[in-house]
Structure formats: structure tokens, C-alpha cells
Amino acid sequence: MQRVKHLLAGIASAVPYMILVWTLIQVWVSPMSVSDGLWVRYAVGLMALEFIILHSGGFMGAMAASTESLKKRAQAFFGLFMLYSLFAYGFAKMVDSFQILYVYGFIMLGRFITIMIASGEGKSQILNRSAFGTMVYMTAVFGTLFIPVPELGVTHDVLEQVYPDRRGGEWEQNPEIAIAAGIFYFSVLALYELYLAWRMPEASNAASER
């Protein structure tokens with residue numbers, strides 16, 4: 001039973017990332033095919049929003065590892081969720097892309113399921129996930145700033161149609177950089193979640209057989 005619960009928790013965390021990766025690939029190659037190009041703008045807001053999600057990871061990791069009852073953990077989660085939702089709203093308003101709030105909610109739903117049903121060993125790994133995510137995020141951000149990123153379908157003409165009011169930031173002027181960073185970042189996170197979902201139950205079984 002613990003094995004099944006841990007696998008479900010890992011898959012619940014990985015699926016939103018995989019959906020985001022597929023969406024961002026489509027946006028990069030053919031931006032007008034996804035919400036009439038609006039996702040070019042959303043991608044920039046999404047990567048900015050992810051900084052907030054990473055910041056919340058440490059608190060939620062400590063919450064998952066807590067021995068408090070499910071009810072108290074759920075109450076604590078929703079308290080943090082509402083607090084960070086205010087920051088998420090601010091980022092969405094900044095780039096005028098409120099659809100990223102749905103993405104934020106989807107990711108937080110995966111975290112909630114993980115906190116509620118993960119095994120004891122799985123919960124102890126959530127803090128490690130937060131640290132790993134921060135490392136991957138920084139690698140994605142700085143890597144794509146220094147490595148040439150092709151614009152593919154995100155051409156100047158497309159940007160003038162879907163993001164004419166962009167400001168002077170590097171990501172806003174060249175959204176393909178944010179898109180590439182997002183593809184790398186969310187791909188690594190999805191693979192990491194699947195790796196943990198597969199590895200940890202095996203480790204638990206081995207320990208119980210000794």
C-alpha cells in the first residue's frame with residue numbers, strides 16, 4: 001500500500017510538469033497555435049511565478065514531514081496557498097496573463113496530493129526536492145541567458161501581434177529565452193519526480209526485508 005501511495009504521489013507531481021513542457025514546446029515552435037499566441041506572454045509570467053513556487057517549497061516540505069494530523073496539515077497548506085496566491089496574482093497582473101493562475105493552481109494541487117498521501121520516506125524528500133528545484137531553476141535561467149537560443153516561431157512579427165506592450169527585461173524582449181528555460185526546467189523536474197517515485201518504494205521494500 002505504501003508503494004502505491006508513493007507512486008501516485010510522484011506521478012501527481014510529475015504530470016503537471018510534463019503538460020507544461022509539451023505546451024511550451026508548442027508555443028516555441030508554433031506560438032499562434034496555443035491560445036492564439038497568448039502563451040508567449042504566459043511563459044514569461046510562468047517562469048517569474050515559479051520563483052514564488054520554489055520559495056514556498058521549503059515551508060511545504062516541512063509541513064509534509066510534520067507528524068500533525070491530516071486535517072491540521074491540510075489547514076496549514078491552504079493558509080500558505082492563500083498567502084502565495086497573493087504573490088502569484090501580482091505576477092499574473094504584471095504580465096496581464098491571468099491564465100497562469102490556473103497553472104499555479106494545478107501545480108499546487110499536485111503538491112497537496114503529495115503532502116497528503118506520500119509515504120514517510122517520500123515526505124522526507126520534499127525538502128530535497130525544493131533544493132534540487134532551486135538548483136535546476138538557476139541553471140535554466142543563467143544557462144539560457146548565456147547560451148544562444150533560437151527564436152523558432154517566436155519571431156518579431158509574432159511578438160508585435162501577441163506581446164506589443166512588453167517591457168525592457170531580457171525575458172520580455174526575448175520570450176524564447178524564458179520558453180527554453182521553462183522547457184529545460186520543467187523537463188528535469190518531471191524526470192526527477194518520476195525517478196523518486198520509482199526509486200523510493202524499492203528502497204523501502206529493501207529495508208523492510210532486512
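This is a predicted model, so every value here is computed, not measured. Nothing fancy with the numbering, it's 1 onward along the sequence.
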| Excluding sequence neighbours, so at least two apart, what forms side-chain contact (heavy atoms from CB on, under 4.5 Å) with Thr155? |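 Expected list: Glu151, Asp157, Val158.
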| message | Once side-chain contact (heavy atoms from CB on, under 4.5 Å) is applied, do any residues pair with Thr23, and if so which ones, sequence neighbours excluded? | response |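 Here the qualifying residues are Ile19, Val27, Val34, Trp39.
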| message | Just to verify, what does Trp28 make a ring-ring contact (aromatic ring centres under 6.0 Å, His included) with, not counting sequence neighbours? | response |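 ring-ring contact (aromatic ring centres under 6.0 Å, His included) list for Trp28, sorted by chain: empty.
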| What pairs with Phe184 under ring-ring contact (aromatic ring centres under 6.0 Å, His included), at least two apart in sequence or on another chain? |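 Residues passing ring-ring contact (aromatic ring centres under 6.0 Å, His included) with Phe184: none at all.
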| Is there a side chain to side chain contact (heavy atoms under 4.5 Å, CB included) between Val15 and Met18 once you walk through the steps? | CA-CA 5 Å; Val15 166; Met18 292 187 286; 4.0 Å; yes
Please give me the minimum heavy-atom distance between [X] and [Y], naming the atom from each residue.
| X | Y | answer |
| --- | --- | --- |
| Trp171 | Val44 | O-CG2, 3.7 Å |
| Pro175 | Leu159 | CG-CD2, 3.6 Å |
| Ala14 | Ala190 | CB-O, 3.9 Å |
| Leu24 | Gly182 | CD1-C, 3.7 Å |
| Gly133 | Leu189 | CA-CD2, 4.0 Å |
| Ala178 | Ala43 | CB-O, 4.4 Å |

| In Å, rounded to the nearest 0.5 Å, how long is the span from CZ of Phe142 to CD1 of Ile147? |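 Going from the CZ atom of Phe142 to the CD1 atom of Ile147 covers 13.0 Å.
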| task | Nearest 0.5 Å please: distance from the OG1 atom of Thr144 over to the CD1 atom of Ile179. | result |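 So the OG1 of Thr144 and the CD1 of Ile179 are separated by 11.0 Å.
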Partners passing side-chain hydrogen bond (donor to acceptor under 3.5 Å, both in side chains) against [X] (at least two apart in sequence or in another chain):
| X | answer |
| --- | --- |
| Gln173 | none |
| Gln26 | Trp22 |
| Ser85 | Tyr104 |

| task | Determine, using the 4.5 Å side-chain heavy-atom cutoff (strictly less than), whether Phe146 and Val141 are members of one ILVMFWY cluster. | result |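 Yes: a chain of side-chain contacts under 4.5 Å links Phe146 to Val141.
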| query | If two hydrophobic side chains count as joined below 4.5 Å and joins carry through other members, does Leu191 share a cluster with Ile11? | reply |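 Different clusters.
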| query | Hey, mind stepping through Tyr192 and Val136 against side chain to side chain contact (heavy atoms under 4.5 Å, CB included) and telling me if it holds? | reply | CA-CA 11 Å; Tyr192 185 65; Val136 177; over 6 Å; no
| task | Under the side chain to side chain contact (heavy atoms under 4.5 Å, CB included) rule, what do Ile177 and Leu145 come out as? Steps first, then yes or no, please. | result | CA-CA 7 Å; Ile177 296 177; Leu145 286 177; 4.3 Å; yes
| said: Under a 3.5 Å cutoff, is there a donor and acceptor pairing between the side chains of Tyr17 and Glu193? | reply: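 Looking only at side-chain atoms, Glu193 and Tyr17 do not form any donor-acceptor pair under 3.5 Å.
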| Derivation of the side chain to side chain contact (heavy atoms under 4.5 Å, CB included) call for Met47 and Tyr137 | CA-CA 9 Å; Met47 286 304 290; Tyr137 183 86; 3.7 Å; yes
| Among all residues two or more places apart in sequence or in another chain, which pass the salt bridge (Lys or Arg N to Asp or Glu O under 4.0 Å) test with Asp165? |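 With neighbours one apart ignored, the set is Arg41.
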| query | Are any non-hydrogen side-chain atoms of Leu20 and Tyr185 less than 4.5 angstrom apart? | reply |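 Result no, sub-4.5 Å side-chain heavy-atom pair not found.
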